[in-house]
Protein chains: 2
Amino acid sequence: MNGRFQIAVHIMTLLTVSEGEQLSSDYIAGSINANAALIRKELSNLRKHNLVSSKEGKAGGYTLAKPAQQITMAQIYQAVKQDSILGEARNAPNPACAVGKNINKHMAAINTGIDDLINKKLGMQSLADFSKQFQ
Amino acid sequence: MNGRFQIAVHIMTLLTVSEGEQLSSDYIAGSINANAALIRKELSNLRKHNLVSSKEGKAGGYTLAKPAQQITMAQIYQAVKQDSILGEARNAPNPACAVGKNINKHMAAINTGIDDLINKKLGMQSLADFSKQFQ
DNA sequence: TTGTACTGTAATAAAAATAGTTACAGATGA
DNA sequence: TCATCTGTAACTATTTTTATTACAGTACAA
């Protein structure tokens, strides 16, 4: 989810700074220097999370779904994150070992603890706050 | 760094639980269900960070470099982490764009803020605390 | 009603990151 | 001097991420 948060924040910042104007995926991709279809995919995800709205057809494009004051960085983070931050085991550890048997559970506790913390921290900053830095 | 933190914590927990006994990389790999050479690579890194000591030769193996009470989960995290959590841009964004030009700097600020938070949180839990859960 | 400029999405390819493997030199103790 | 272990490099395989291409569908406007 590394690069995706970066991209999502970049997108959201562009939409904030351009104040309601419809931006095309091509334009956004140009600023990010990434592929337009990829950007549309992320925009699609952000729309699913009610952070952007889109308009098809000529003169279509993307805008914020609501004022930047009402969007927190945590919401963007949530929209993008899919896996835990510090990771779960990819190989089932050995269940015959007292440590292996329980490590996933205890790692999960660490992960959710940290994730809560991140959400709390990012929840304190609105997209409007963040975007102000670019003016 | 996802899977590596999991592996490193697993290793450190095994070494804690086995109370000073030398463990071989083979034994550790068996509990984690991973490759022994891979585990040795991570052990090598943990040693570099003064968290484990190793002994070569027959009857060799690995032990904690210091008591588990004196090791925090944050130290393990630090030993393993190499990149930022939420990511920096992989493509240089467009420098001709006010947002693209500055996004990396501002994302970096978010990243270090979160990293500090993680360190603070993980710094509150010792390896001894964590390992108690497995007894 | 037709052309143009967009979104939406799937299929696929390329690239990068991660994990796993093999191999073997060197250390150490029995 | 043999057996058992670490240390590390070189390499391969796998998985994940990112990029590309392609095209159907929508909306506006002349």
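Note that these values count all heavy atoms, side chains included, but never hydrogens, waters or copies made by symmetry. So you know, we letter chains A, B, ... as the sequences are listed, proteins then strands, and number each from 1. Keep in mind it's a predicted model, so treat the numbers as computed, not measured.
A side-chain donor from one of B:Asn104 and A:Gln6 sits under 3.5 Å from a side-chain acceptor of the other. Using a 3.5 Å distance cut-off with no hydrogens or angles, the side chains of A:Asn119 and A:Gln78 do pair a donor with an acceptor.
The backbone N or O of B:Asn111 lies less than 3.5 Å from no partner atom in the side chain of B:Asp115, so there is not a single donor-acceptor pair. For the pair A:Asp129 (side chain) and A:Ser126 (backbone), a donor-acceptor distance under 3.5 Å is present. Judged purely by atom type and a 3.5 angstrom limit, B:Gln75 uses its side chain to pair as donor or acceptor with the backbone of B:Thr72.
Contact between the side-chain N/O atoms of A:Ser25 and the OP1/OP2 oxygens of C:dT7 is found at a separation under 4.0 Å. Considering only side-chain N and O atoms, A:Ser44 lies under 4.0 angstrom from the phosphate OP1 or OP2 of C:dT9. Between A:Arg47 and C:dT7, a side-chain N or O to OP1/OP2 separation shorter than 4.0 Å is absent. Residue B:Asn35 has no polar side-chain atom (N or O) positioned under 4.0 Å from OP1 or OP2 of C:dA19. The side chain of A:Tyr27 contributes no N or O atom lying less than 4.0 Å from OP1 or OP2 of C:dT7. Phosphate proximity of C:dG8 to A:Ser54: present, with a side-chain N or O under 4.0 Å from OP1 or OP2.
Residue pairs that meet the ring-ring contact (aromatic ring centres under 6.0 Å, His included) test with at least one member in residues 96-135 of chain A, sequence neighbours left out, are A:His106-B:Phe134, A:Phe130-A:Phe134, A:Phe134-B:His106.
One atom, CG of A:Leu43, and another, P of C:dG8, lie 8 Å apart when rounded to the nearest Å. Atoms CD (A:Gln6) and P (D:dT18) sit 11 Å apart, rounded to a whole Å. In this structure, CD of B:Glu42 is placed 10 Å from P of C:dA19, rounded to the nearest angstrom. Rounded to whole angstrom, the span from the CZ atom of A:Arg4 across to the P atom of C:dA17 amounts to 18 Å. Protein atom CD1 of B:Ile11 is 12 Å distant from nucleotide atom P of D:dT6, rounded to whole Å. As rounded to whole Å, 10 Å separates atom P of D:dA19 from atom CD1 of A:Ile32. Distance CG (B:Leu38) to C1' (C:dA17): 13 Å, rounded to an integer number of Å. Across the protein-nucleic acid pair, B:Asn45 atom CG and D:dT6 atom P stand 17 Å apart, rounded to whole Å.
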Exercise. What do the steps show when you test B:Ile7 against B:Ile32 for side-chain contact (heavy atoms from CB on, under 4.5 Å), and what is the final call?
Worked result: CA-CA 7 Å; B:Ile7 285 179; B:Ile32 296 182; 4.2 Å; yes

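Each of A:Lys41, A:Arg40, A:Glu42 was checked for a side chain to side chain donor-acceptor pair (under 3.5 Å) with A:Ser25, and the lone residue meeting it is A:Arg40.
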Protein N or O to nucleotides 10-15 of chain D N or O, pairs below 3.5 Å:
none

Exercise. What does nucleotides 22-30 of chain D look like as a protein-contact string, B for base, S for sugar-phosphate only, - for none, at under 4.0 angstrom between heavy atoms?
Worked result: B--BBBB--

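Contact annotation: the side chain of B:Thr63 never approaches that of B:Val52 to less than 4.5 Å [non-hydrogen atoms, C-beta and beyond].
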